[in-house]
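Note sheet for the following structure.
Whatever order the structure lists them in is the order used to number ligands and atoms, beginning at 1. Predicted, not measured: the structure shown is a model, and the values here were computed from it.
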Amino acid sequence: MTSKKRGKIIAIEGIDGSGKTTVSTEIYSFLSSKGVPIYYSFEPTYTKIGSIIHRFLRGEIPLDSHSQALLFAADRLEHLSREIIPYIKQGKNVILDRYVHSSYAYQGALLNDLKWIMTINKFALAPDLAIYIDVPPSVAIRRIRKKGRSNISVYESVRFLGRVRNIYKSFVKKGELIEIDGTKEKDQVVKSALAIVCKSLKIKLL
Ligand SMILES: Nc1ncnc2c1ncn2[C@@H]1O[C@H](COP(=O)(O)OP(=O)(O)OP(=O)(O)O)[C@@H](O)[C@H]1O
Ligand SMILES: [Mg+2]
């Protein structure tokens, strides 16, 4: 057993194109440049299970809706046991570009059975901090198009993302997610998220 203090799990959530990767990688770079022990990771992963999900998201293979939910949950458990838990045990904080609330929001919107989604994810550790970047779906989709990304996910439609957003908002109401305004300038969004993370890690860097 290590006597080190356990690291924290910090999740960055939001709909496609909301700015999760921008925010989580900037926070990672900033904190590591200051010597704060931090590791960056994302979901779905590129393990065997995660790779099936990526192929589905790119539209290469079909997947039954319930199988999608089960694969996301299984990918998360692999992620936890192989990477997240070993890192937090070493005292490293882990910043995650999507985590369990992505399953609640996306598969919840898809299947309309949040209770079951929560049941299949019950073995996933709750995040210590989860930040939700709020942007309207139309803004998010405009950003994705502007970026000219070739791998448009099968989930990216204004109507579907609107339902995903509503579920995220319900978790903000419950107090599980901290909402930030993702429509602001990039630097401003990163700054707001960083301030919340620093407060949670009890570090004074800003
Ligand atoms: N606050 C912002 N204002 C304007 N554009 C932004 C902002 N944040 C990010 N972007 C741009 O929007 C695009 C999507 O951002 P990003 O890739 O970080 O989103 P994401 O949530 O990780 O998306 P995905 O779910 O598709 O991975 C990028 O081109 C990024 O540079
Ligand atoms: Mg991303």
Side-chain angles (χ1 to χ4, degrees), residues 9-32 38-47 50-60 63 68-69 71-72 75-76 79 83-84 94-110 117 127 129-169 171-172 176-197 206:
I9 300 175
I10 302 157
I12 307 295
E13 295 283 357
I15 62 171
D16 300 56
S18 56
K20 297 175 300 298
T21 303
T22 304
V23 165
S24 49
T25 52
E26 291 263 343
I27 291 178
Y28 166 78
S29 303
F30 181 82
L31 293 180
S32 43
I38 186 138
Y39 177 77
Y40 165 84
S41 193
F42 57 86
E43 292 188 356
T45 69
Y46 279 110
T47 58
S51 299
I52 301 172
I53 303 172
H54 283 287
R55 292 195 62 201
F56 161 73
L57 292 174
R58 291 194 298 263
E60 292 170 11
L63 262 186
Q68 287 172 41
L71 285 172
F72 274 106
D75 181 47
R76 183 160 301 122
H79 195 196
E83 288 188 87
I84 303 171
V94 178
I95 187 154
L96 297 172
D97 186 341
R98 290 198 183 283
Y99 189 52
V100 70
H101 290 88
S102 284
S103 278
Y104 300 163
Y106 281 73
Q107 276 74 54
L110 189 69
I117 309 291
L129 172 69
I131 295 174
Y132 162 66
I133 309 171
D134 185 57
V135 298
S138 54
V139 172
I141 288 191
R142 213 174 305 136
R143 284 185 191 168
I144 295 168
R145 296 221 172 106
K146 194 171 161 201
K147 199 164 115 184
R149 207 182 62 200
S150 55
N151 56 332
I152 298 280
S153 132
V154 294
Y155 292 134
E156 287 164 5
S157 80
V158 169
R159 199 157 156 261
F160 182 74
L161 290 179
R163 288 168 48 209
V164 173
R165 186 191 192 197
N166 289 340
I167 301 181
Y168 271 133
K169 292 253 190 197
F171 282 94
V172 171
E176 287 190 29
L177 297 174
I178 300 177
E179 179 173 325
I180 58 171
D181 182 357
T183 62
K184 298 244 168 73
E185 287 288 313
K186 232 184 259 185
D187 287 357
Q188 192 56 47
V189 181
V190 171
K191 224 172 156 187
S192 315
L194 194 54
I196 296 167
V197 170
L206 296 171

Atoms of ligand 1 close to [X] [distance to a heavy atom under 4.0 angstrom, numbered from 1]:
X: Thr21; value: 18 (O), 20 (P), 22 (O), 27 (O)
X: Gly182; value: 1 (N)
X: Glu185; value: 1 (N)

Ligand 1 contact on [X] by region, counting heavy-atom pairs under 4.0 Å:
X: Lys147; answer: side chain
X: Gln188; answer: neither
X: Lys146; answer: neither

Next on the checklist: Using 30° and 60° as the class boundaries, would you call the ring planes of Tyr155 and Phe56 parallel, tilted or perpendicular?
Outcome noted: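 Aromatic pair Tyr155/Phe56 classed perpendicular.
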
Next on the checklist: Below 30° counts as parallel, above 60° as perpendicular, anything between as tilted: where do the rings of Phe42 and Tyr40 land?
Outcome noted: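 Answer is tilted, since the angle falls between 30° and 60°.
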
Next on the checklist: For ligand 1 and Ile144, I'd like to know whether there is a polar contact (N/O to N/O, distance under 3.5 Å).
Outcome noted: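 No.
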
Checklist entry - Hey, does Val189 come in under 3.5 Å of ligand 1, counting only N/O atoms on both sides? => result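 In fact, backbone or side chain, Val189 has no N or O that close.
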
Checklist entry - Considering residues at least two apart in sequence or located in another chain, which fulfil the salt bridge (charged side-chain N to carboxylate O under 4.0 Å, His left out) criterion with Arg98? => result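 Salt bridge (charged side-chain N to carboxylate O under 4.0 Å, His left out) list for Arg98, sorted by chain: Asp16.
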
Checklist entry - Excluding sequence neighbours, so at least two apart, what forms salt bridge (charged side-chain N to carboxylate O under 4.0 Å, His left out) with Glu43? => result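 Glu43 satisfies salt bridge (charged side-chain N to carboxylate O under 4.0 Å, His left out) with Arg76 once adjacent residues are dropped.
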
Checklist entry - Going by atom types alone, do Tyr168 and Asn166 pair a side-chain donor with an acceptor below 3.5 Å? => result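 Looking only at side-chain atoms, Asn166 and Tyr168 do not form any donor-acceptor pair under 3.5 Å.
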
Checklist entry - Looking just at side-chain N and O atoms, do Thr47 and Asp75 make a donor-acceptor pair shorter than 3.5 Å? => result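 Result is yes, a qualifying pair exists.
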
Item to check | Ring centroid separation Tyr104 to Phe171 under 6.0 Å | outcome: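 Yes, close enough.
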
Checklist entry - Hey, looking at atom 16 (P) of ligand 1, which of Ile141, Thr22, Leu57 has the closest heavy atom? => result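 Checking each option, the heavy atom nearest atom 16 (P) of ligand 1 is found in Thr22.
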
Item to check | Among Arg143, Arg98, Lys20, closest by any non-hydrogen atom to atom 20 (P) of ligand 1 | outcome: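 Shortest heavy-atom distance from atom 20 (P) of ligand 1: Lys20.
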
Checklist entry - Quick one: does Gly14 get within less than 4.0 Å of ligand 1, heavy atoms only? => result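 Gly14 does not count as a contact of ligand 1 under the 4.0 Å cut-off.
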
Next on the checklist: Taking 2.8 Å as the cut-off, does Thr21 contribute an N, O or S atom near the Mg ion (ligand 2), distance below it?
Outcome noted: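 Yes.
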
Checklist entry - Any idea which heavy atoms bring Ser102 and Glu13 closest together, and the distance? => result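 Ser102 and Glu13 have their closest heavy atoms at OG-OE1, 2.5 Å.
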
